[in-house]
Structure formats: structure tokens, C-alpha cells
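These numbers come from the heavy atoms of this one structure, side chains and all, not from hydrogens, waters or symmetry mates. Below, chain A is the first sequence line, B the second, and so on; all start at residue 1.
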There are 2 protein chains.
Amino acid sequence: MTDRQSYGNAPHAHHRCDQCDVRHKAMCAAVEEKDNDRLAAIVSHRDISPGQVIFEEGEPAEYAYNISRGEVRLYKLLPDGRRQITGFLGEGDFLGLVTDDTYAYGAEAMTPVELCIMRLSNLERLIADIPPVRDKLLDMSRDELAAAQEQMLLLGRKTAREKLLSFLLNRLDHSDVKTSEAKIILPMSRTDIADYLGLTIETVSRTFTALREERLIELPDTHTVMLPDLEAVRDASEAL
Amino acid sequence: MTDRQSYGNAPHAHHRCDQCDVRHKAMCAAVEEKDNDRLAAIVSHRDISPGQVIFEEGEPAEYAYNISRGEVRLYKLLPDGRRQITGFLGEGDFLGLVTDDTYAYGAEAMTPVELCIMRLSNLERLIADIPPVRDKLLDMSRDELAAAQEQMLLLGRKTAREKLLSFLLNRLDHSDVKTSEAKIILPMSRTDIADYLGLTIETVSRTFTALREERLIELPDTHTVMLPDLEAVRDASEAL
DNA sequence: AGGTTTCATTGATGTGGCTCAATGGGGCTG
DNA sequence: CAGCCCCATTGAGCCACATCAATGAAACCT
């Protein structure tokens, strides 16, 4: 599951932050034109291949990351190997808020990932000097907290069917491709979905099949889901 | 469950913040001596009796709160009434971080509660003007996020037994009475515990009984738990 | 192209926790 | 202090989801 190789590949040289594709979505959007050089001076880049570990839970936290390309899973483990995925991150998302000086969760690439890296000490100085950055991070952690609470409701009180439908609706909201027909691409495996929803892989698979037979969803292939009747899905995701 | 009466009792007059019992634990600790007057000028107080609603999920958020006395539960509801408690708050805790301008969860008093109230608009000005306040709030939401992720692990992947033991250990950590024997006071009902752990009241009750029969816990009365062998509890809370 | 590995699906069976139901006990009220 | 109400406990049976096991299908390597 985590064939950690050389711990990521060698970092690149610095980059032009003002030309970054995901700048507008990322924390960096809070940095003004004039401070761009300062931002560029403290970031470097790294490519990560699918399945590789970015960092592990409990590891001393040295860096914070912005995802400039690809998809990442965050997870926590129990001693016997049970895993809970606490979130999926994508382009523009920020990675590495820490409490005590260790990472509170592990992070792995699900697809090829391009990371924008900065030392936490440098980030802290940036935060102190540029108030909008601090505001942006506060906002982001507020949003994350609201999402976490929604996920607690899902994990603690929803059925398998409701969990899966809520998950699909979430994915739809967060996808940027807004076609008329609701189409969802799932970059993660069934196992990842199961570990995110507090289910087993078999239950996820069976529930997908059941939903397809009810015509609530279509599955053109394993990693694509279509929602032909959004209203029906919304109703079924919280039962009535 | 929520006999909302007159929506709290009449607010008191302002208070001496510098004499506040919970100041050192609260966000207010980040306000310096010289800014005390400014803090005192924007806060008022309110007493809430057990079971009363402080605010409801989805309600437009106008105020933020500090808890100066008592215990509060936060929760989210599904349309059919299923409830997930997302957290328990106590003295010094802050209440009312919002995403869009509505509360992301409901809040109810579990015991008699004394609240320190401030308008969100005033708090925002305080945040903008006094950087340590912003830092403190960022820290607090980081901690809350870490706790939320831990709770996701619990809800998604732990057994009833592990859930209950983890819950007790958490309560022990957050209690300020540090006696040699590990003693825990639970202000909340069995139903609250069930809704926090994603269980039913019957399972909570049965699990308590089973743990007592194994001598992992003692139950002098319904709302008191003793942990005679902390190591054994820690092991059992994550299985091996 | 063939062989291997990995991942998803499906089936058969088991079980932890839920549901439904009855009983017990502690605290409040009059 | 009797009666009531609320809450917790306990029991019996059931079911949603887990576990165990087999098969199918796609991706990967050589």
C-alpha cells in the first residue's frame, strides 16, 4: 500500500509563483504582487508518484505543502492496521497544519502529484508578516473543520447507502468540471472509499451495484459515476 | 431534549474580564493588560439552564461565545432526527467559529452554563487589531481539527468497546482534577455518549457493564467512572 | 502475447451492535 | 413520603454490514 521509495524524488529548483496554475485556489492567493518574490524564495517543488508516502503520522513536521497537481489521501492508522482516511485533497489544497510539532495524520499520493514545499519556519514568518495569509489559513482551517464535522455525522449516523451517496454529492460539489450531466471521476480505489466511509471494500462494491440497479447512479467504468437524477440522490443521501 | 424557553435569560451587565476565572484557558488570555478595557467593552454575559439551546445549526451567526462555567454539547442532526454529537465543550472553550455566516452545528447546555458573549463583528475587529488573538484562535482551531480527525478514526474504525475506552481516556486527559487514582466525572447522559460515539444508548450501557465485569472500570455511580489500571485501558482502547 | 499481480465484483455465512420490550432505580414534586 | 417521571439497565431476537472465499477483469511487466 505504501511502497515508500526514496521518499520522493529530488526537489526542483525554485519556480515562478506568479505563473502557478493553482495560485488562485491556494493559500498563495493571499500574497500580494509585491511579496511574490518573497514567496518564491521559500518554496521548492517535488514530484511524487502514485502510492508514495509524503509524510507519516507522528513524524516531526518540518515542511508544509501546497498541492499543485494530483490527488492525495490523508489517513490515520490503528496499531493493528485498521485505517481511517480523514480526507482527500486536490489541487490548491494546503497540507501540513500541525498541532504539536508532529504531523497529525499521514499523507500519500493517489495519482502523480506535484508539491510546492516550504519549511514550516519560513511559512510561520510569512504568516506573521502578511496578515492576509494568516486570514486565509484561518479560513481554510474553518472550512476543514466544518467538513470534518459533516464527516463525523456521516460516520456515526448514516447507513452505507447514505454514506456512499453523500460522498458522491461531495465529490460533485468539489469537482470543478460543471457539465450539465453530473459526472464524477473517482481517482481513488474502492479500498480508499471504504476507509473513508468507515465501511469494507465489499460493502462499497455491493452498494454501488445496488444503486446502479435502482438507476440512482450509472457506472460507465469503475472510476466514473454519473448521477442522472440529482434530486433523488440528495433525498436518498439523508433518508426521509 | 431541547425545551427552548425564552432563548436564554436576560444578559447581565458587563464584567471584569481581568477577574475572570477561566481567562487563562480562554481566547482572552491572548489579550494584553492594556487592551483589557477594550475586551470588557464588547462582552456581556448570559446564564443558560440545562437542556436549553444556545444556538441551532444553520441559524445566522451573530455572536461568538466563551464558556465561563458549565458544559455544552455540539451536535448535528439529520432530517429524520438522528443526531451526531460532534464535541463536548467546557470552561474556557470558545464557541462560534463559522464558515458561511451560519452556525455549522447546534449547541445546548448540559449543565447550568455561564456564557461570555460578543458580537462576531466586534470579535473580528479584535482579531484584526490584536495579532495574538488571531494566533490563539488559529491554534484553537488546529487543536479542534486534530481532535475531529481522531474522532473520525474512532467513529469509522473502532469497536464499541474501544470507542468507550477511548472516550474515557480523552475525558481523563481533559479533566483538570489530577488525582492519583484516575477518576472521571461524566456530566452528560448515556444518550449523549451514544450520540457522540455513534452507538445506541443500549450498547453504551451494556459495554459499561461488560467493562465493569472485566474490572477495567469501576462505576461508583452512573456519572462517575474510575480507571484502576490505566495501562490496561490504554491497550484495550486500540486493541492489539 | 503470455503470465503475473492487483483490484473489483459476487456469493455464502457470521456477528456486533441495533431494535423492540420490560424492569429497575434515583430524583423531583406536591 | 407517595407517586411520577426520567434515565439506565437488562433481555430476546434480528439485521446491516463484516468476514471469508471464489471468480472475473483490467493493468503491468518482460
Side-chain angles (χ1 to χ4, degrees), chain A residues 1-3 49-51 73 78 80-84 108 110-112 154-165 167 185-213 217-225 236 239, chain B residues 1-3 49-51 73 78 80-84 110-112 154-167 185-213 217-225 236 239:
Chain A
M1 175 183 302
T2 61
D3 59 318
S49 39
R73 59 175 169 252
L78 287 171
D80 64 358
R82 280 172 287 172
R83 182 178 72 157
Q84 178 66 38
E108 288 171 4
M110 295 194 298
T111 64
L154 178 149
L155 289 170
R157 287 296 179 230
K158 291 189 184 177
T159 64
R161 189 187 144 89
E162 291 165 343
K163 284 176 175 182
L164 205 42
L165 291 171
F167 170 64
I185 308 288
L186 300 173
M188 69 290 286
S189 69
R190 294 290 188 263
T191 305
D192 285 344
I193 297 175
D195 284 352
Y196 182 58
L197 301 178
L199 299 170
T200 59
I201 177 176
E202 294 94 332
T203 299
V204 169
S205 188
R206 275 189 255 271
T207 307
F208 265 128
T209 309
L211 292 172
R212 177 162 47 74
E213 282 167 356
I217 67 172
E218 288 161 27
L219 288 164
D221 73 282
T222 319
H223 291 276
T224 313
V225 183
Chain B
M1 175 184 302
T2 60
D3 59 318
S49 37
R73 59 175 170 252
L78 287 172
D80 65 356
R82 279 173 287 173
R83 183 178 71 156
Q84 178 65 37
M110 296 194 298
T111 64
L154 178 149
L155 289 169
R157 288 296 178 228
K158 291 189 184 178
T159 65
R161 187 187 145 90
E162 291 165 343
K163 284 177 175 182
L164 205 43
L165 291 172
S166 303
F167 170 64
I185 309 288
L186 300 173
M188 69 290 288
S189 69
R190 293 290 187 262
T191 305
D192 285 343
I193 298 175
D195 283 352
Y196 182 58
L197 301 178
L199 299 170
T200 59
I201 176 176
E202 293 95 332
T203 298
V204 169
S205 188
R206 274 189 257 271
T207 307
F208 266 129
T209 309
L211 293 172
R212 178 163 47 72
E213 282 168 355
I217 67 172
E218 287 161 29
L219 288 165
D221 72 282
T222 318
H223 292 276
T224 312
V225 183

By nearest-nucleotide position on DNA chain D, the 5'-leaning member of A:A160 and B:L219 is B:L219
N/O-N/O pairs, protein side and nucleotides 22-30 of chain C side, under 3.5 Å:
none

For atom [atom1] of [X] and atom [atom2] of [N], their distance in whole Å:
X: A:L155; N: D:dA16; atom1: CG; atom2: C1'; result: 16 Å
X: A:R190; N: D:dG24; atom1: CZ; atom2: C1'; result: 15 Å
X: B:D221; N: D:dA8; atom1: CG; atom2: P; result: 11 Å
X: B:L164; N: C:dG16; atom1: CG; atom2: C1'; result: 15 Å
X: A:H223; N: D:dA27; atom1: NE2; atom2: C1'; result: 11 Å
X: B:M188; N: D:dC7; atom1: CE; atom2: C1'; result: 15 Å
X: A:K158; N: D:dC17; atom1: NZ; atom2: P; result: 14 Å
X: B:F208; N: D:dT9; atom1: CZ; atom2: P; result: 8 Å

Taken to the nearest 0.5 Å, the spacing of B:L211 CG from B:L165 CG works out to 5.0 Å
Looking at CG of A:L219 and CZ of A:R212, how far apart are the two atoms once the value is rounded to the nearest 0.5 Å?
6.0 Å
So, does A:H223 use its side chain to make a donor-acceptor pair with the main chain of A:L186 at under 3.5 Å?
yes
Checking B:R161 side chain against B:F208 main chain: does a donor-acceptor pair fall under 3.5 Å?
no
How sharply is the helix from C:dA1-D:dT30 to C:dG30-D:dC1 bent, taking the axes over five pairs at either end and rounding to 10 degrees?
50°
Identify the heavy atoms of A:A194 and A:T200 that sit nearest to each other, and give their distance.
CB-C, 3.5 Å
Might you point out which heavy atoms bring B:G198 and B:K163 nearest each other, and give the distance in Å?
O-NZ, 3.6 Å
Using the side chain to side chain donor-acceptor pair (under 3.5 Å) rule, pick out the option among A:R82, A:R73, A:R83 that qualifies with A:D195.
A:R83
Would you mind telling me which of D:dC7, D:dT10, C:dA8 lies closest to the side-chain atoms of B:S189?
D:dC7
For B:R206, which residues count as a side chain to side chain contact (heavy atoms under 4.5 Å, CB included) partner, sequence neighbours excluded?
B:E202
Sequence-distant partners of B:P112, side chain to side chain contact (heavy atoms under 4.5 Å, CB included), two or more places apart:
B:P50, B:R69
Check salt bridge (charged side-chain N to carboxylate O under 4.0 Å, His left out) between B:R190 and all other residues, then give those that pass, not counting sequence neighbours.
none
Is any side-chain N or O of B:T191 closer than 4.0 Å to OP1 or OP2 of D:dC7?
no
Hey, does B:V225 have a side-chain heavy atom less than 4.5 Å from the side chain of B:F167?
no
Interface residues of residues 198-207 of chain B with DNA chain C (non-hydrogen, below 4.0 angstrom)
B:G198, B:L199, B:T200, B:E202, B:T203, B:R206
